[in-house]
There are 2 protein chains.
Amino acid sequence: MTTIKEIAQRAGVSIGTVSNVINGTAAVSDRRRERVQAAIQELDYHPNQVARSLKIRRTGMVGMIISDITNPFFPQLVRGAEDALLKQQNLLITFNTDDRLERERHIFSVLRAHRVDGVLVVVAPGDSQAVHIQDARKAGLPIVCLDRVPPGLEIDIVSVDNVGGTRQCIEHLLAQGHREIAIITGPVALETARERLQGYSEALGQAGIPVRKEWIREGDFRADSGYRLGKELLSTPTRPTALFVSNNTMTLGVLRALEECGVRCPEEIALAMFDDLPLTDSFHPHLTAVAQPAYAIGYRGAELLLERIEKKSEGQPPLKIQLPTELKIRESSTGYLRRSG
Amino acid sequence: MTTIKEIAQRAGVSIGTVSNVINGTAAVSDRRRERVQAAIQELDYHPNQVARSLKIRRTGMVGMIISDITNPFFPQLVRGAEDALLKQQNLLITFNTDDRLERERHIFSVLRAHRVDGVLVVVAPGDSQAVHIQDARKAGLPIVCLDRVPPGLEIDIVSVDNVGGTRQCIEHLLAQGHREIAIITGPVALETARERLQGYSEALGQAGIPVRKEWIREGDFRADSGYRLGKELLSTPTRPTALFVSNNTMTLGVLRALEECGVRCPEEIALAMFDDLPLTDSFHPHLTAVAQPAYAIGYRGAELLLERIEKKSEGQPPLKIQLPTELKIRESSTGYLRRSG
DNA sequence: CTGAAAGCGCTAACAG
DNA sequence: CTGTTAGCGCTTTCAG
């Protein structure tokens, strides 16, 4: 591995001068600069960032902690963050926790050891203390939360209006004539899940429709729970005419349940979900969805993190950025055939 | 940020001793070890990996270059790699190139500057020289290619049997009675795409069916090209009865084309594709697919890379690992209604 | 404009 | 077992 010293020797200058041409930190005579650049080319030199990082106390690396890249919501989020970060030559180190707190803690530790400049995190559910996050902030590590708010933590967060988005969607279902609307929620340990449930309740309440307990089922945001709870709901004596599912993967499980039970969507039951699915335009049923701007969340979050890192926003109070959702009305919620009689 | 020195002071030992308890590099008396561990806890100390990396010339970071995390094939690949890497405490730095060679080159440069221990790369199409890869290897950087073989490069690669997988799929189509089978290929600059085309030709040849030029269309592995070429094929005077699409995203485009043209799948045209889609069990049509073990490719590739990094396999010739594909027969290729007469 | 030199935080001899 | 010390490759004063 060639070093700055070898470049200096080959170019016949001091290492300070080489450093100056690389970083543009001070003026260098044309003759010397050219010699240095030539040497860099010839020796295929790549300045050692780890040495540089050690010296300047900045690594140019950002950590990103998500639950599972395999969940279709996250790739967009990651891509948004990466695109924002890359503009400033930052690297993104991603990690999956599968929503396990232990992994999240461990990853924080690893990330801190590697001295990332900041971290973007979609927090795992179930931690009301978030000591590892507190500790990291105390140590001066900039952190921006995405999508989910950690309970009882004053921290930068970019998310969406879960309550409003859900309410709007339920209102759409009501406008379609549905009165018997069930919901599969996420884990209520997550504020995100509670907010969506709240949007559901608000919309029903405003329409003067009582909330029925047996039509509220708590899932865990994974496909399997959607499948299981979908089956349960379908076997209720009085089946709901519409079902709102609190995220996309659970909806996939619900679709399997529908198929197995021989219940057709949208003809026999209307369906709508939180989170859009990138491929829904290509398959059937086309699913009505409260679309989150996942790419924008990642992008905006990364931008905010960069600001915090640059200390441009020194001492500013934590920002709560809420991006708008978009209700995408598709066939799954509009093709219901009203039961006659 | 607390340093090893502060820990040493607080514990009343030398920094060498602290280093020894952290890394287990030498025996330390119980009393001292406990004092050190206590200090580490109290000060929330995280050993500075960048300083460590500089010293030991190993960063514990691996780069991964893919074309687009947003393409459903890649999340699995990344996850497999991450899981394999994490077992040895390695970090994964991912990058998207959007298949642009310029970005790939740039990323290689960035990765080398950061002194990653190795890189996993799904090469971008169109580079017959791959100078940046050659240079990196010359400098001693272990590299393992995934999925796509860079032309004219002797290098470790883990991929699948594209020819055999495709042939098997076409044979299935033939067995269903189809004689008029079209194909949408990937960019022929990619060996992967050529191999799949080859599998198609071989299967037809073996069945004594001539290959018709107008039924071979070259796409670019993106949805839009599938849409466009799908439309073209549908408007051929003699429409094929079956269509093989060389990857999943293009198939999504084809499905849109079908819907717009009012051609129903599988009733009016059979469909099969290379690459499985994770969600196809939840939607219609359920798509017949040559499934690649994406997770396994990532996992195996990372394992191989780790071996190369450890130098356990010093001087061994490049490995070509081919993982098996699995033909998943679903309704899109079995529900065709033979034209009578 | 240029070179010399201190030191970022850690590991790995080495001497005791 | 323990402490001391020389760098790893770079940036950044500070003189000149």
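A note on names: the letters A, B, ... follow the listed sequences, proteins ahead of strands, and every chain is numbered from 1.
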Taking side-chain hydrogen bond (donor to acceptor under 3.5 Å, both in side chains) as the test, write out the residues that go with [X], two or more places apart.
{"X": "B:Thr94", "value": "none"}
{"X": "B:Asp68", "value": "A:Arg79"}
{"X": "B:Arg222", "value": "none"}

Give a yes or no answer on whether the side chain of A:Gln49 reaches the backbone of B:Ala113 with a donor-acceptor pair at less than 3.5 Å.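 Not a single qualifying donor-acceptor pair exists.
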Determine which pairs satisfy side-chain hydrogen bond (donor to acceptor under 3.5 Å, both in side chains) with at least one residue from residues 110-121 of chain B, sequence neighbours left out, and list them in order. A:Asp44-B:Arg112, A:His46-B:Arg112, B:Arg58-B:Asp117, B:Thr59-B:Asp117
Return each pair, listed once, that meets salt bridge (Lys or Arg N to Asp or Glu O under 4.0 Å) where at least one residue sits in residues 120-129 of chain B; pairs must be two or more places apart or across chains. B:Arg105-B:Asp127
Contact string for nucleotides 8-16 of chain C, one letter per nucleotide 5' to 3', B = base within protein heavy-atom range under 4.0 Å, S = sugar-phosphate only, - = neither, reads BBBBS----
Axis-to-axis angle across the helix from C:dC1-D:dG16 to C:dG16-D:dC1, five pairs each end, nearest 10 degrees, ~ 40°
List in chain and number order the residues that pass ring-ring contact (aromatic ring centres under 6.0 Å, His included) with B:Phe95, two or more places apart in sequence or in another chain; answer none if no residue qualifies.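 In terms of ring-ring contact (aromatic ring centres under 6.0 Å, His included), with neighbours along the sequence ignored, B:Phe95 is linked to no residue.
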Please identify the 5'-most and 3'-most nucleotides of DNA chain D with any atom under 4.0 angstrom from a heavy atom of chain B. D:dC1 to D:dG9
Atom pairs and distances, side-chain donor-acceptor, residues 145-160 of chain B, under 3.5 Å, sequence neighbours left out:
from     : atom 1 : to       : atom 2 : distance (Å)
B:Arg148 : NH1    : B:Asp99  : OD1    : 3.0
B:Arg148 : NH1    : B:Val123 : O      : 2.8
B:Asp156 : OD1    : B:Arg308 : NH2    : 2.7
B:Asp156 : OD1    : B:Leu319 : N      : 2.6
B:Asp156 : OD2    : B:Arg308 : NE     : 2.7
B:Asp156 : OD2    : B:Arg308 : NH2    : 3.3

Please identify each residue that fulfils salt bridge (Lys or Arg N to Asp or Glu O under 4.0 Å) with A:Arg35, with sequence neighbours left out. none
For B:Arg10, salt bridge (Lys or Arg N to Asp or Glu O under 4.0 Å) partners two or more places apart: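 Residues passing salt bridge (Lys or Arg N to Asp or Glu O under 4.0 Å) with B:Arg10: B:Glu42.
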